[in-house]
Amino acid sequence: MYPDELALHDDKSAVSQRGALERAGSRVDLTFEELFERYSSMVFSLVYQILGDREEALDVSQDVFFTIYRKIGSFRGESSIKTWIYRIAVHRAANRCRWWSRLRRRGTVSLEEHLSRNSEGDIYRSLRSDAQSPEDALLIQEEHREVERMLLQLPLQQRVAVIMKDIEGLSYEEIAEAMQISLGTVKSRIARGREVLKRNFREAMS
Amino acid sequence: MLCEKALPLLSEYFDDVLDPQTAIQISQHLGQCIRCRREFDGLSSVHKRLQALHRVAAPAYLNSLVRHKIEKRTRDSWRVRLREDIERRWSKIRTLEGMWYVTRALGTVMASLFFVLITSAITPYYMNVNAPVRDLNFPPDYSHQVAVNLMKKLGIPTLAQRQIAWRDAAISDLYFSQFGEAISSTPKDDDFSVVTRIDRSGSAQIQNVLQYPADENLLNNFNAMITTARWRPASRNGQVISSHLVCMVSKISVDN
């Protein structure tokens, strides 16, 4: 367990963190380690889909769990722990995305350029896919790359909403809570995002 | 139901979040309208493609990375944490679009101010490096004249009574000498005579006193002057003469 391991280095800090977890215990019946086990893939996958880059996703995921570790004591239980974690992950990923966008606007570098140099995620995904043969794996990889590329072309807020709905399978209410927006805005963002994707897929096919 | 009304609701219909009555109307419309049916199929296709991007599992070492981050943060002193917090907050501020221009403008102003202050803070020794240097043929008693002018400037009373032929002598003209060459070593000089060496770094010092002056202060003053003076490579007609140095001291004017 994290606090026990930390106790080897810094008793006072570890005790205070353990206290925080215990205080949060009435609302979260999980230790930090259990939270990590349960939600690490969810967080990593969501962040990866939003940013489209494995290294960036790793970096942001670390930030997310570090934030969870620090803020777990102040979690008030107004929403489910899952939605709370989603909210942190979306917030962090969106911030990183905006940071890239600013760099692009200044002409320094674009996220697409960065991603074109880091296509490791596609390979990783294709290896994990259920393809029967190398040819199938390649086709699936190409298909995924195309879908990811089109996802990345969506405006950030629409992208996040579409990913949470169609890939993560969250309900409209959960998305509204995680993104801290109204239900109507969620519906509109998802509808617009899907519309753009549909148009882009058609153009690509034609 | 008209297409204009049905099309915006297709996404919600697909997710099954419409109220039952509207859902029935959309369903009936889709049964009749080929265009809307095609749009609905398109939505379905988008959904299938996105669903095919199943979750990417987090790498096993993410656990170690998070643990390392937490341990590091726990071990850091309050100073490190404070510095990181400030850096994080500052990075948030400066990455704001409006603030970016403000910080850049501030940086430019500060840099300009810095250069203005630096240049005004230093009192420059004015010396045009490219200015041609006269190739002087020193008269035999020229070094004597140097000493006379110097002592006059230094306020040595006995020498002030001497007749000084040269007015406004520029001492920088007099130190156009080769390395190691004696600047003032004329035996006829009845005041003092020294051998001064200048190395390539420009530092000068009296190497040998050939003849001591009657007033010891004169020698000390001369030594102080020559060791604190600045030297630069000599130049002639715009060409640097690396074998020679020129003493960079202010012009010394001599009164009668």
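To find a chain, count down the sequence lines: A is the first, B the second, and so on, and within it residues start at 1.
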ask   = If you count heavy-atom pairs under 4.5 Å between each of A:Asn200, A:Ile167, A:Val162 and chain B, which one has the most?
value = A:Ile167
inquiry  = What part of A:Ile163 gets within 4.5 angstrom of chain B, counting heavy atoms only: side chain, backbone, both, or neither?
reply    = neither
query = Side chain of B:Ser27, backbone of B:Ala23: donor and acceptor closer than 3.5 Å?
reply = no
query = Under the criterion side-chain contact (heavy atoms from CB on, under 4.5 Å), which of A:Val47, A:Val64, A:Val43 is the partner of A:Arg92?
reply = A:Val64
ask   = Which of the residues B:His47, B:Lys48, B:Gln51 is involved in the greatest number of heavy-atom pairs with chain A at under 4.5 angstrom?
value = B:His47
ask   = With no hydrogens and no angle check, is any side-chain donor or acceptor of A:Glu174 less than 3.5 Å from a backbone partner on A:Ser171?
value = yes
query = Tell me, side chain or backbone of A:Met42 under 4.5 Å from chain B's heavy atoms, or both, or neither?
reply = both
key: Contact winner vs chain B - A:Arg202, A:Glu195, A:Arg192, heavy-atom pairs under 4.5 Å   = A:Arg202
query = Is B:Arg37 paired with B:Asp41 through a side-chain N to carboxylate O contact shorter than 4.0 Å?
reply = yes
message = Going by side chain to side chain contact (heavy atoms under 4.5 Å, CB included), name the residues that satisfy it together with A:Leu156, two or more places apart in sequence or in a different chain.
response = A:Ile50, A:Ala94, A:Cys97, A:Arg98, A:Arg159, A:Val160
